[in-house]
Structures are given as structure tokens and as C-alpha cells.
Amino acid sequence: MTEHAILIRNMNKYYGSFHALKNIDLEVKRGERIVICGPSGSGKSTLIRCINRLEEHQSGDIEVMGTMLDENVDHIDEIRREAGMVFQNFNLFPHMTILENCILAPMLVRKIDRVEAEKTAMEYLARVKIPEQASKYPGELSGGQQQRVAIARALCMKPELMLFDEPTSALDPEMISEVLDVMVGLAEDGMTMVCVTHEMGFARQVADRVVFMADGQVIEQAEPETFFENPQNERTKTFLSQVLGH
Amino acid sequence: MTEHAILIRNMNKYYGSFHALKNIDLEVKRGERIVICGPSGSGKSTLIRCINRLEEHQSGDIEVMGTMLDENVDHIDEIRREAGMVFQNFNLFPHMTILENCILAPMLVRKIDRVEAEKTAMEYLARVKIPEQASKYPGELSGGQQQRVAIARALCMKPELMLFDEPTSALDPEMISEVLDVMVGLAEDGMTMVCVTHEMGFARQVADRVVFMADGQVIEQAEPETFFENPQNERTKTFLSQVLGH
Amino acid sequence: QEQGGRLKTVLDRGSLLCSGHNGSFLGFAEVDDQGKWKGLDIELCHALAAGLFGTSEGHLEIVPISWAQRWPALQSGDIDVVIKVSGWTQSRDTELNLQFSRPYFIGAFQAMTKTELGVKSIAELDGGTICVAAGTSTELAAATYLQSKSIKVELLTFENGDELRNAYYDGRCDAYIEWAPSLAAARLDAPDGAEAHVILPDVIDLEAEGIVVPEGDPKWLDVQNWMLSSLWFAEANGITSENVDEIRANPPSATIEKFLGVTPGYGARLGLSDDWAYNMIKEVGNFAEIYDRSLGDSSPYGLPRGINALYSNGGVFYPLIVD
Amino acid sequence: MPISIFGAIRKKYFATPTDIVVSSILAVLVLWLLANVIDWAFVKAVFGAGRRDDCLAAEGACWSVIASRWRIVLFGLYPFEEQWRSGVACLIMVIVAALSCVPYFWNGKRLLGLWLSGFAVFYVLMRGGFLGLTPVFEQNWGGLALTLFIFAAVCILGMPMAIVFALLRRSELPWISRTMGLIIDTIRSLPLLTIMFTFAIVSPFVLPDWAVGDKLYRVIVGYAIFFACYQAEIIRGGIQGLPAGQEEAAKALGMGYWHRIGYIVLPQAFRNALPPTINQIVITFKETSLVTIIGFFDVMASGRAASGTAEWSFAHVEVYCFVALIFFVFVFSLSRYGAYLERRLGVGRR
Amino acid sequence: MLAILKNRHVRDTGFQAGFVGALVILIVALVVTGKANLEAQGLTSGFGFLERSTGWRISFSLIDYTTSSPYWLALVVGLLNSLFLGAVSLSFATLIGVTVGVMRTSGNGMAELVGTTFVEIFRNVPLILQLLFWYSLLLSLPAPREVEPVLGVFAFTGRGIYIPGLNITGLSAFLIVVSLIAGASVNLWLSTAERFKTVSVAVRRKWKICLWLGVAIVVFAITWWGRLPETPFFTIPEHRGLNYRNGIRVSPELFACIIAISIYGAAYIAEIIRSGFNAISPGQGEAGHALGLSRWQIFTRIRLPLAIRIVMPTLINQYVWLFKATTIGIAISFTDFFMVVSTAINQSGQTLELIAILMGGFLVINYSIAWVLNRVNDAIKLKGTQMRI
Ligand SMILES: Nc1ncnc2c1ncn2[C@@H]1O[C@H](COP(=O)(O)OP(=O)(O)OP(=O)(O)O)[C@@H](O)[C@H]1O
Ligand SMILES: Nc1ncnc2c1ncn2[C@@H]1O[C@H](COP(=O)(O)OP(=O)(O)OP(=O)(O)O)[C@@H](O)[C@H]1O
Ligand SMILES: [Mg+2]
Ligand SMILES: [Mg+2]
């Protein structure tokens with residue numbers, strides 16, 4: 001068992017001829033909580049999606065939980081099982097109830113029997129504070145509730161690592177905090193987390209490290225204190241002044 | 001030639017059993033510029049659409065430019081020729097170029113020959129500051145440009161009276177001013193205008209009178225000064241505090 | 001297919017796949033009120049099945065099939081034999097790799113027209129319109145005849161027998177060329193009565209209708225030929241479905257004794273049971289009976305035998321020698 | 001503001017002078033047509049079995065032919081004494097079709113189970129050969145039962161094919177999707193008749209003997225492939241209507257290809273594609289009538305056989321009307337149901 | 001080794017090779033079996049038979065055809081007949097369909113009722129039944145002897161419909177239609193193509209005048225060249241003997257096909273048109289009203305053009321589908337392409353070759369229809385990104 005949850009070395013990603021990620025190096029230790037930020041189009045989503053192979057990278061190495069992300073299909077499956085992901089648009093399955101959303105993957109992928117899976121699911125739904133919605137359909141929930149279900153669904157797979165891609169950016173202001181609360185709770189329980197977000201308050205509160213990206217490159221990494229109080233790079237400064245200025 | 005551009009007396013309008021306009025009385029003199037405002041659903045659009053018979057009223061009299069709006073189809077045609085209208089959603093004809101949009105009605109309705117109609121159209125397009133777009137299609141223009149074309153199209157019929165139904169409410173903020181500029185120019189040239197809008201700045205600047213509607217009734221009419229500084233009615237006050245509060 | 005293949009295939013299968021119709025063809029293949037096939041062609045199918053298996057009951061499948069599909073269906077094995085009023089033409093015989101049995105029905109092509117037109121011969125139809133069935137040898141014969149006699153008429157073709165007849169009744173054409181049996185049937189059946197129509201005497205052509213089997217299968221062809229011959233033999237010798245048991249019990253001659261399978265040989269040579277002819281006669285009767293039920297006096301058509309009678313009655317058919 | 005009934009009628013039919021003229025002309029036309037049809041179909045018509053001679057004399061319709069020969073139209077060549085089986089089988093098919101309109105059955109497994117079991121009962125009942133039921137071979141099936149059989153078989157066979165085609169068509173592997181696209185486009189631009197014709201006539205030549213099978217089944221296979229190509233495009237449309245995030249979310253949960261397809265993509269795609277699917281099924285049912293041209297004894301052919309006898313050969317229009325009515329009842333109710341579904345889904349769409 | 005099998009690229013390549021390979025093998029196997037089976041039956045394969053003379057008639061032909069014409073000519077006759085039937089009936093279907101579609105969205109209750117009834121009846125009964133029905137109806141018209149021509153020039157008889165006509169060959173009539181369609185297409189191209197945007201309207205109008213002059217000359221030339229020898233150029237039907245002479249006779253088979261396909265197609269097209277009209281936002285009509293346009297002007301200048309643009313893609317599919325439906329003509333023996341091929345199979349036994357020709361023919365025709373219509377669609381579709389209409 002390696003001590004690294006994620007290890008990215010010299011990774012490059014192209015969309016056609018567009019160089020979306022340039023020589024990315026990133027290490028995430030087990031139990032570490034990383035916040036990635038940066039201007040729009042800087043490649044944050046792309047990076048996080050490369051980690052569980054929703055996008056394919058072209059060169060360099062990615063290792064997740066000690067498994068090398070290569071062309072071997074078993075490795076890809078392995079990594080996806082270990083990394084839970086939460087999207088900006090929730091992406092709940094609208095034709096299934098909340099509970100079914102949560103038990104589907106454990107039953108199919110982890111081969112857990114239904115009773116067991118439901119038990120786990122109800123636990124996590126309780127944890128994100130919506131156990132009473134279990135038999136509703138996603139369309140009947142508010143955005144904030146849906147995002148919490150999405151988190152619970154990912155947790156039901158008992159991942160070692162959680163990836164968040166702007167989990168609050170599609171939400172109305174009053175719902176953002178209820179989702180962030182859940183994420184803070186998760187962080188406090190010691191989950192390894194990589195989180196793309198513009199919620200700087202959240203970054204300050206829970207992040208072990210903030211990674212700043214621009215133009216497909218990692219420009220700066222630092223602990224939140226240092227990052228917010230004393231950014232080194234010009235780009236970072238401009239960005240922070242914009243984001244915090246609001 | 002009457003001195004009234006519009007004369008509405010005791011007019012009522014029903015949608016089925018819903019009483020949309022209640023005992024409306026309204027006079028608009030030639031050259032006068034009226035702004036109508038009021039909360040959503042108060043019947044502003046309905047009122048303005050009754051004036052050129054896009055909606056039929058059930059009782060009371062409407063007289064436009066001295067022509068009585070009754071069942072006589074010639075009267076309706078006459079009034080529609082004299083009253084230009086600009087809609088919230090522009091409603092340009094997407095299968096015709098800008099120029100064709102502008103010359104269609106003059107040619108068909110006023111029987112003006114093509115060369116003449118194109119000359120007039122280009123004049124008005126120049127006036128709304130987009131002569132260079134004449135051969136493009138509406139789909140190729142921005143919203144603000146489209147709305148200016150819609151104004152030019154209405155002007156090409158050389159109407160005595162212009163009706164505006166929230167001409168800026170479907171526009172992005174940066175486009176609103178370019179449309180309002182055109183309208184201010186029009187007002188300065190002495191065009192009779194009836195304008196439904198929530199742009200209070202515009203109302204202050206050009207309106208001779210502001211009409212406030214609520215629940216299908218005209219609640220209050222006053223000069224802009226009086227209306228904004230010293231509203232009489234409770235409803236007006238609440239409304240103004242909301243609108244100006246933003 | 002190897003030699004004798006089709007006979008063996010049929011016997012092994014235990015049932016005969018015979019051609020039917022997608023709709024009906026008056027007198028030859030129709031459906032009665034109970035949904036059962038009847039008509040001359042169908043009776044021959046029954047005869048064949050009875051000969052092969054002792055009885056057609058449970059051993060005969062009438063496969064509905066359209067005109068256009070009979071050859072491909074035969075070649076592909078969808079059906080074993082085409083008994084579907086098919087004329088024996090050279091191109092069919094040679095290019096299509098079909099083999100015809102001896103004819104079992106002779107149809108003279110004639111024209112029927114309305115009495116009120118007062119027309120006496122086909123030549124007088126010049127300038128008119130004539131209806132004819134599409135893609136059949138009728139069409140070809142009519143065209144050739146009209147061409148050779150320089151008669152200028154318009155030929156209209158129809159795929160379907162019903163359509164064709166109705167077209168004529170409805171005045172769609174002045175005359176209607178078909179082989180005589182159909183004409184007679186149509187005339188008797190005319191909505192305005194038989195008297196309103198007259199069959200012109202000109203014989204445009206003769207068509208000999210045979211049973212069709214694939215080429216290169218002589219044993220299967222033999223069965224067809226001897227089935228037909230047996231039906232005529234029975235007729236010539238007065239053997240009917242009524243009296244066949246009686247005659248078999250005390251055969252008047254050694255030939256008949258052999259024919260009915262009392263003494264062996266008649267069937268074995270064909271690869272059939274020796275009493276096959278008996279079974280056949282027992283079930284469907286001799287040719288006269290079949291004809292009578294389908295087209296003759298016992299049918300609504302009442303078509304006289306004419307040329308289709310045995311040679312002894314002025315017709316052209318004759319049994320082969322049973323030895 | 002009260003509006004009188006006359007007012008409503010006036011508004012709807014006679015609002016403007018043009019409306020008055022149009023309405024009046026149309027009304028006269030409709031009444032004239034209606035009067036003629038009623039006159040022919042009822043007033044001057046002959047009812048009751050076996051009244052051929054009355055028919056010949058009458059000016060109106062001869063419904064007598066239907067009274068005498070309706071069983072042929074419905075059951076075709078099926079043995080007379082056994083026709084109750086054919087009738088029951090048809091009824092079962094109708095019930096199955098009706099049941100699949102009940103939302104309870106709207107999931108893959110139940111629908112499949114319903115149709116398969118319904119179809120199996122249909123087949124066993126028709127074919128017989130057990131429990132003292134005499135065997136009746138396919139050649140003797142006919143009329144409505146044959147039409148329903150072909151229709152059901154085409155749907156049951158075609159639907160899974162359509163799914164496979166659709167999945168291959170949108171495969172990420174370019175050669176597979178391109179080849180499948182070519183096949184689908186080619187088959188879609190051929191007339192159904194030529195496909196049926198080819199499968200009926202040509203396939204025996206190009207298939208090895210053991211694979212040939214009965215002509216009926218060959219044509220069904222051909223029709224099913226044709227159906228599948230159309231339906232595949234419909235399903236593909238349904239899949240494309242899904243947000244990309246659905247598949248990604250499933251991937252991120254570690255679900256494999258078949259799980260994603262089976263649990264996430266297809267159930268939603270079918271829901272999206274329901275209205276066009278019903279439309280396609282309606283068309284399929286109607287076009288089943290084409291098999292008569294390639295020599296089957298379906299309800300069209302049996303209709304023609306019903307009037308194709310010396311006795312009744314003048315009464316074909318009446319038989320056509322009867323057959324048309326049969327089709328109309330089936331097709332109209334199906335398409336109405338489709339329209340209802342479309343509205344329902346349209347309202348519920350978020 | 002196992003690792004290689006787990007490699008995604010290897011797998012992908014494997015799947016693709018497997019799929020395409022299996023398909024190729026299947027096709028090869030079918031062809032080989034087919035050849036073997038046919039040889040076993042002693043049938044010669046190959047396309048040599050196309051040169052042989054047919055020996056059968058074709059009742060309706062646009063070009064010269066006799067019983068001694070070769071097979072390929074018969075096939076051409078069939079193909080032309082199919083195209084002819086398709087062109088005529090699709091035109092009528094469009095005409096009727098648009099009318100009914102408009103009726104259903106007209107706001108006149110009576111028109112809506114009639115339109116709805118029309119669509120529901122004709123969409124819900126199989127085409128083949130409708131065809132047989134119209135055919136029986138046409139055949140039950142009285143015989144020519146008993147028919148007095150309507151207006152002195154149109155005779156509706158059980159033997160066909162007689163209309164006045166030019167005495168020209170069918171082929172030249174066909175060519176005239178083709179040149180008119182070509183003229184219309186070029187016209188459309190001139191008025192919509194991007195590259196002529198810069199040319200002023202007046203100049204374009206001159207071009208169009210030249211274009212139509214050219215078309216007129218071509219049409220006239222074709223007409224002249226295609227005159228039937230020794231007949232007057234223009235004739236009207238008249239009684240002669242048992243039949244009508246002169247004028248143009250439309251056979252009941254053709255006429256029934258045209259009616260059936262037009263009406264069946266119209267029912268479908270009407271639905272498409274209706275959905276197109278419903279998709280237009282009411283604001284478009286209101287804008288027209290506000291400008292003082294009349295109802296008719298709004299309809300012809302705004303709503304109809306918009307509706308057509310909206311439904312064009314759906315219509316294209318519908319046209320291809322309807323063209324395929326013309327094969328139904330075989331049910332009443334209209335000698336279209338399919339009927340000719342079917343007869344040819346029956347007469348020559350060259351099953352495989354003829355089926356290949358049949359499919360090839362339809363593929364070419366349908367791809368051409370789709371291609372042409374898609375060009376039209378590209379030419380007229382709404383410009384720009386804003387698709388809200
Ligand atoms: N599928 C794709 N094809 C081509 N280019 C893409 C694709 N997805 C993203 N890009 C480009 O890659 C760059 C990085 O995109 P990415 O979505 O990772 O940005 P981001 O940092 O997540 O931005 P945001 O904050 O807006 O989500 C952008 O310039 C984007 O246009
Ligand atoms: N076609 C219609 N049928 C029935 N009710 C209608 C119709 N159009 C408008 N109404 C109703 O009439 C009332 C007045 O509508 P109107 O559109 O005139 O309001 P408005 O003042 O223009 O509001 P907004 O600021 O939202 O445009 C509303 O309650 C509305 O629901
Ligand atoms: Mg992003
Ligand atoms: Mg409004």
C-alpha cells in the first residue's frame with residue numbers, strides 16, 4: 001500500500017490539437033484534502049476527469065491508490081471503484097428512486113446483496129441528512145438535495161478517494177451551504193478529497209493544500225494560509241482579487 | 001383631425017371568465033409619450049395589444065388617431081397601419097434578411113415600390129445605427145441589434161404612433177442601453193409613444209406621463225416627477241420601492 | 001439435388017407441399033365457406049398425396065403462393081410441385097429448368113365480349129381494349145396473335161384473376177382474353193347474366209397446362225405422369241370412387257387387377273405402394289369426377305368437358321398402357 | 001362575461017366572411033358524402049347470410065357476403081372445426097397488446113415476459129399437437145390470425161435486434177459504427193416489399209439447406225430486420241437525447257458497459273423514444289398487409305378469397321370495406337393511444 | 001499474454017476486426033452458397049440475359065417498348081414508370097397534404113373537423129387496401145360509350161381518364177418535367193446561395209429572367225422534337241367507335257396508384273405540416289398583424305415559409321418513405337420497377353441478378369432524392385444561430 005492516493009507525473013492531455021493539460025505533476029497523499037481552483041477553461045475539470053479516465057490523457061503517468069492508469073481495462077475498473085466522483089450537474093439517474101440510485105452500483109459492481117446495500121445506502125443518506133427522501137425520484141428534489149444524494153451515492157461505493165467537480169456551482173445560493181456542510185463533515189472524517197471549487201471559504205476551512213491552475217498548467221500550490229495571504233504568482237494574485245473581491 | 005392619438009373609454013377585456021382589464025380610461029394626446037408600468041400580470045401587455053386589436057376587447061370604446069376600433073375590418077387595418085408595434089421578443093421574420101423584414105409591409109400594405117421602400121428602410125436602419133447589417137438574417141444578429149431592427153421595421157410604415165411592449169426585457173444588460181438610446185432619439189423627434197417598460201430611468205428622461213396599472217386597472221397616472229417623488233397610492237409605493245430598490 | 005431426390009424427400013417428410021393461391025382462382029383453387037381449398041388443381045394435389053401416402057388426410061399441405069413466386073418456390077423447395085394452371089412454354093421448359101408433366105388440361109385462348117357490341121370476331125375489336133392477365137403465357141399468346149393479324153388493340157394486363165374479370169365486367173375493356181374455362185366461368189357468373197356475353201369463336205392459341213417439377217428429377221416426374229394417366233385410366237375403365245372397392249373385390253381384367261394393386265408391380269416401379277392408384281381413386285375419384293366437381297356440372301360453372309374429355313369422347317386425353 | 005352556445009358556434013365556424021364560405025362549402029360536401037355513404041351502406045344494403053340473389057338485384061352494399069364468409073376473412077384456411085382456437089389466439093394477442101399499454105408493464109422485463117408468454121400461448125394454440133389439439137401447420141394459418149402472428153413475431157424479433165443495431169451504430173469504435181450505419185441506411189432506403197420478396201425468394205438460394213426454414217419465417221426475419229433498422233434509429237435518437245452526464249456518472253461509479261447500457265442508458269432512451277416507437281409499431285402493423293403480395297394468406301388475401309368464389313365474386317368492395325374496418329379498429333386505437341402517451345409525456349417533461 | 005488481452009486498444013481493434021470480418025465472411029459465404037445452389041440447378045448466372053428480348057408487354061411505358069425489346073429496356077421502362085408515378089403522386093400528396101395541414105390549423109372549426117377526419121381515415125388503413133378500393137371505384141365508372149365528356153374535354157370512364165393533351169412522346173413529357181424542376185432548383189439556388197449574396201436583387205432578377213427564357217426554349221425544343229409523327233400537335237378526347245380517341249388517356253391503374261399514394265401520403269404530410277405550423281410562435285403572426293399585413297399575406301409570406309423550413313428535414317424522410325411505397329402498384333399491376341423486375345424474374349429465372357438490380361435501383365433513387373432534398377434544405381434553412389421562430 002503506497003502512501004499516495006494520487007500520483008501524477010508529467011501528464012499531458014490534448015483535445016485534438018488543443019493542449020488542454022501541460023506537464024501536470026501532482027501528488028495527493030492518503031487522507032489529504034486538495035482544493036483546485038483557477039479561472040474558467042484552465043483545465044480543472046479536465047484534470048479531475050483524467051484521474052478516473054472519463055478523459056484519456058496522452059502522455060505521462062497517473063497512479064491512483066497504487067494502481068497505474070494504463071490501457072489495461074482491469075486497472076481502469078479498479079480505479080473507478082476506488083474513486084467516487086460528484087459532478088456539477090448531479091447526474092442522478094432520473095428513472096430510479098434515490099435509494100435505487102444509491103444501491104445500483106454497489107449491487108452491480110461490488111456484488112453486495114440488496115439488503116446490505118440498502119442498509120449502507122440509508123446510512124449515507126442519513127449522513128447527508130435526507131434519509132426521508134429515499135423513495136422519491138430525483139426530479140422531485142431540490143438541487144441541493146440532489147447534490148447531497150449524489151455525494152451519498154458516491155459514498156455508497158465506499159471509495160478511498162472522492163473527486164468533486166464544482167459541486168456547488170449549479171446551485172442557488174441558499175443551497176450551497178447545505179452541500180458544503182456535508183463536504184466539510186466528510187473532510188473531518190478523514191476522507192481523501194480532491195475538490196474543484198470556487199468556494200474559498202470551504203478551501204480555507206478544510207483544504208490541506210490549494211492548487212491553482214491556469215492555462216492547463218499548475219501554477220502554484222500552497223497551504224491555504226500561504227495561498228490566500230501570500231500568493232507568489234501574478235496570475236494567482238489577479239485571480240484571487242477577482243474571486244475574493246465578490 | 002382629433003388632438004387625441006388614443007382615446008380609451010370604459011374598456012373591459014375578458015379572457016374567458018377572467019377579467020383582465022377593468023374599466024380602463026386612457027387618453028393619449030398626439031406627440032405625448034406615455035410609459036406604462038405595473039407588476040407582472042397587471043394587464044399592461046393586454047392593454048397595449050388591445051389598442052391595435054391583437055386582442056379583442058369586449059366592451060367600451062377605443063379610438064386610435066380618430067378611427068374607432070370596431071368590427072369594421074377597414075378600421076382595424078387603418079389603425080394597424082398607423083400604429084407601429086415593438087415586441088418583447090423582437091419577432092423578426094427569421095427567413096428574411098433585415099432589409100426584407102423592413103420593406104415587406106410598406107410594399108404589401110402601403111403599396112410602395114421596392115426601390116422607394118428600400119431607400120426608406122436604409123434610412124431608418126441608419127437611424128437605429130445598423131445600416132451595415134441590412135443583408136444579414138435576424139439569426140445572425142445580437143438581441144440588441146434585433147430589437148433595433150424591429151424598431152426600424154415598425155418605423156418604415158411611417159406610423160403616427162409607436163407601441164412598445166417591454167422592448168428591453170429580453171435583452172442582456174449591455175444591450176439594453178443601445179435600444180433605449182434609439183427610443184430616446186425617437187421621443188426627441190416628437191413621435192407619439194406608448195411604452196410598457198420597467199426602465200424607470202427611461203421613464204424619468206422622456207415620459208410626459210407615467211401610467212401605473214395593477215390588477216387590470218389603471219391605479220394612478222402622473223408626470224414622472226410627481227409619480228416617482230410623490231406617489232399617491234399604496235400599491236404604487238410598494239411597486240416603486242421594489243423596482244427602484246434594485 | 002440427387003436423383004429421385006424429391007420423391008424421397010416427400011416420402012421421408014410424410015407430407016406433400018403443393019401449390020395453393022394467395023386469394024383464389026375460380027374453378028382451380030378457391031376457398032369454400034369452411035375455409036377449405038377446392039378446385040381442379042387442389043383435387044390433383046389431393047390425388048397426388050393420396051397416391052403417395054394412401055390418403056391425403058394429414059399428408060397434404062397446400063402452401064399459399066402467388067403466381068410470381070411459383071418457380072422460385074419450387075426451386076427453393078418451399079413446395080414440391082406446382083399444380084397451378086401453368087402453361088407449357090419453351091422458355092419455361094428450357095431456360096427456367098422446369099420440367100412439365102403431360103398436360104392435364106387444355107385451355108384454348110378465346111375472347112369474350114359483350115353481346116350488345118355485336119362483334120363477331122376478334123378482328124372487329126380493332127381499336128378497342130382487351131384485358132389479359134399479366135406475366136402469364138396468355139399475355140404473350142394474345143400479343144403474338146394480335147400482332148400477326150395486325151389487329152390494333154390496347155392490351156391491359158392484370159396480376160390478379162379477380163381484378164381481371166371485374167375489369168371486364170365493369171366495362172374497363174371491350175373484350176377479355178383468357179383460356180376458355182375461365183371465360184366460361186366468367187360468362188356464367190356475369191352480373192348481368194350469361195346472355196349478355198358471348199365467347200368469340202377465334203381460337204387465339206392453345207395452352208397445355210401441366211404439372212411442373214424441377215428439371216433433372218425423372219422419378220418425381222414419373223409419379224406426376226402416372227398419376228394423371230391413372231386418373232384417365234380409371235375414367236376409361238369406368239372405375240369411380242363409388243365402385244372402386246367393388247371392382248377391386250372382383251376385378252374384371254388382369255390389367256385392372258394390377259392397376260388396383262391386387263397383383264403387385266404397378267406401384268413398386270415408381271417407388272410407391274402397389275395400391276396407390278386404388279387409394280387415389282378411392283379418395284378423389286377418376287378424372288371425370290374431379291372435373292365434374294370442380295368445373296363441370298356439379299360446380300357452379302357447368303363447363304362442358306369439350307377438348308378436355310377422353311379421346312373416346314372427342315377429347316385429347318388418353319391413358320397410358322398399364323402392363 | 002357569458003358566451004352563448006350560438007356565439008361559440010359562430011366564433012368557431014362562421015367568424016369571418018371567408019370562414020362562412022369555407023364552412024358552408026365543406027358542410028355541404030360532408031353532408032353529401034355522408035348521405036351517399038349511408039345510402040349505400042345501410043339504406044339500400046342487403047344484410048343477412050346467403051342472400052346472393054337479393055344482392056345482385058340491390059343497389060346498395062351486399063353485407064350478405066360478410067355474413068356468409070366472415071369466418072374466411074378472419075380465420076382463412078384454418079380448419080373449420082378448429083377455428084375457435086384461431087379466435088382465442090387472436091383475442092390473446094389483442095389482450096397482450098392492451099396490457100402493454102398499462103404503465104405497470106412498462107419495464108423491459110415485464111414487457112418482454114408479457115409478449116413472450118402471450119406469443120408462446122398464441123403459437124401453441126394455433127399450432128396444436130398436444131392435449132388432443134390436432135396439429136395445424138403454418139400453411140393453413142390465415143386471415144387475421146396470420147396477420148397478428150407476423151406482426152407480433154416481427155416486433156418480438158425486431159426489438160432486440162433494433163437494440164443491438166442501435167448500440168452498434170453508436171459504438172465508439174469507428175469501423176463498427178460506420179459499417180452498421182451503412183447497413184441501416186441501405187436497408188432503410190429499400191422498399192419493404194423488395195426486402196420481403198428477397199427473403200421469400202432469394203434467401204433459399206444463398207442459405208445452406210439447414211438454414212432455409214419455412215417461407216413464413218424467412219419473411220418474418222426479413223421484415224424484422226427492416227423493422228429493426230427503423231427502430232434502431234429511433235432508439236439511437238432516444239439515446240442521443242440523454243445528457244452525456246448520465247453515462248459518465250455510471251462510469252464514475254465503476255459500472256461496466258453492459259450495466260451502463262442495461263440500467264442507465266436503455267431504460268431512459270426507451271422512455272424518450274416511446275412516441276416514435278408506437279408510431280413505428282402502428283406502421284409495422286399496417287404494412288403487414290403487404291405479405292399478401294408475396295403469397296401469404298393474410299387477412300388481405302383471405303378477404304380476396306372470401307369474394308373469390310363463383311357465388312360472391314361481385315362483392316369485393318364490401319369485403320374490402322370489412323377488412324379496412326378491421327385494420328382501422330386496430331390501427332386507430334393504437335395511434336390514439338400513442339397520441340395520448342405523447343401528450344402525457346409532454347406534460348410531465350421537466 | 002493475458003495482459004495483452006486486457007489492453008483496451010487491442011480489444012477495440014479485435015472487436016472491430018471481428019465485426020467487420022464476420023460480416024465479410026457472412027456475405028462471401030452467402031454468395032458462394034448461392035452460386036453453388038444455382039449451378040446445381042443448372043441456372044446460368046451473369047447479366048447476359050439483359051440483352052435478350054423479353055417477349056412480354058408492358059401496359060404503360062414512357063418510351064418505345066415492344067415485345068422484342070431487350071430486358072434492360074424493360075427495366076428502364078419500369079424505372080421511368082416508378083419515377084413518373086413517384087413524381088406525380090408525391091407532388092399531389094404535397095399539395096393535398098399542405099392544404100389539409102393548413103385546414104387543421106386554420107382556426108375554422110369545420111375545416112379542422114374535415115381535415116382531422118381525412119387524416120384519421122387515410123392514415124389508419126393500409127395503403128394496399130386503399131389502392132384496391134380506389135381501383136374498384138375507378139373500374140366501376142361507366143364504359144366510354146356511355147360517358148359524355150365533362151366541359152367537353154374531360155372524360156371519366158371506367159377505362160381511364162381522358163384529358164386534352166399534346167401529342168408528344170412520354171419521354172419528352174418526362175424530360176419537360178425534369179427541365180422545369182431543374183429550372184426551379186436553379187432559381188432557388190440563385191435566390192438563396194451564399195455566393196450570390198453580394199449581387200443586387202435587380203441583377204439577380206435579370207439572371208432569373210434569362211434562366212426561365214432558357215428553360216422555355218429547352219422545353220419548347222423538347223416538345224417539338226418529341227412530337228408524334230402524323231398527328232395534330234394538340235388534341236382533345238372525342239368519341240370514336242367503342243372508345244375515346246385522341247387526348248391523353250390516364251389508365252385506371254396509374255390513376256388509382258396516383259390517387260392512393262397521393263392521399264395516403266397527404267395524410268402523413270398533413271400531420272407534419274400541422275406540427276410545423278404549431279411550432280411557429282404566435283409572435284410571428286402578431287408581428288405581421290401589427291404591421292398591417294392581411295391574414296392571407298401573413299399566411300403566404302410568413303407562416304407558410306416558416307412552417308416549410310421547420311418541417312423540411314422530416315419531410316425529406318417522408319418523401320423517401322413515400323417513394324418506396326410506390327412499389328405497392330404491383331397489387332393492381334401498375335408496371336413499375338418492382339413489377340417489371342418481378343415479371344422478369346418469373347420469365348427469365350435470373351433471380352439473384354434481378355434482385356441485385358432492383359435493390360441497386362432503389363438505393364440510387366432514394367439516395368438521390370435525399371441528396372437533392374437535403375441540398376434544398378441547406379439552401380432554405382434559417383440562417384444564423386437564433387432558431388427561435
Ligand atoms: N471535449 C472537449 N473538446 C475540446 N476541448 C475541450 C473539451 N472539453 C474541454 N475542452 C477545452 O479544454 C479547456 C479546459 O477545459 P475545462 O473544462 O477543464 O476547464 P475548467 O477549468 O473546468 O473550466 P470551468 O471552470 O469553466 O469548468 C477549455 O479551453 C475547454 O474549451
Ligand atoms: N391568452 C390569454 N388567455 C388567458 N389569460 C391571459 C392571456 N394572456 C394574458 N392572460 C392573463 O391576463 C393577465 C394580464 O396579462 P398581461 O400579459 O397583460 O400582463 P402584463 O402586465 O403584461 O405582465 P408582464 O409584466 O408579466 O408582461 C394575466 O393574469 C394573464 O395571466
Ligand atoms: Mg469545469
Ligand atoms: Mg407583458
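Predicted model only: the values in this text are computed from it and were never measured. Note on naming: letters A, B, ... go to the chains in the order of the sequence lines (proteins, then strands), and numbering restarts at 1 for each one.
- More than 12 heavy atoms of other residues, nucleotides or ligands shown are found within 6.0 angstrom of OH on E/Tyr367.
- Note that CG of B/Leu108 is 7.5 Å distant from OG1 of E/Thr300, once rounded to the nearest 0.5 Å.
- Distance check: E/Arg301 CZ to B/Met107 CE gives 7.0 Å after rounding to the nearest 0.5 Å.
- When each of B/Met96, B/Arg49, B/Arg110 is checked for heavy-atom pairs under 4.5 Å with chain E, B/Arg49 comes out on top.
- How far NE2 of E/His289 is from CG of B/Leu54: 7.5 Å, rounded to the nearest 0.5 Å.
- Heavy atoms from other residues, nucleotides or ligands lying under 6.0 Å from CZ of E/Phe92 number 12 at most.
- Proximity to chain B (any heavy atom under 4.5 Å) is shown, for E/Glu286, by both the backbone and the side chain.
- Per-residue heavy-atom pair counts under 4.5 Å with chain E were compared for B/Lys136, B/Met85, B/Arg114, and the maximum is reached by B/Arg114.
- Residue B/Arg53: no heavy atom, backbone or side chain, is found under 4.5 Å from chain E.
- B/Pro94 has its side chain out of reach of E/Arg309: every pair of non-hydrogen atoms, C-beta onward, lies at least 4.5 Å apart.
- Put simply, of E/Ala287, E/Ser294, E/Gly285, the one with the most heavy-atom pairs under 4.5 Å next to chain B is E/Ala287.
- Annotation: side chain of E/Leu291 is in contact with side chain of B/Arg153 (closest heavy-atom distance under 4.5 Å).
- B/Asn91 places a side-chain N or O within 3.5 Å of a backbone atom of E/Gly283 that can act as its donor or acceptor partner.
- Between B/His95 and E/Pro305, the shortest heavy-atom distance links the atoms CD2-CB, 3.5 Å.
- Between B/Leu104 and E/Leu293 the shortest side-chain heavy-atom distance falls below 4.5 Å.
- The contact between B/Phe93 and chain E is made by backbone and side chain atoms together, counting heavy-atom distances below 4.5 Å.
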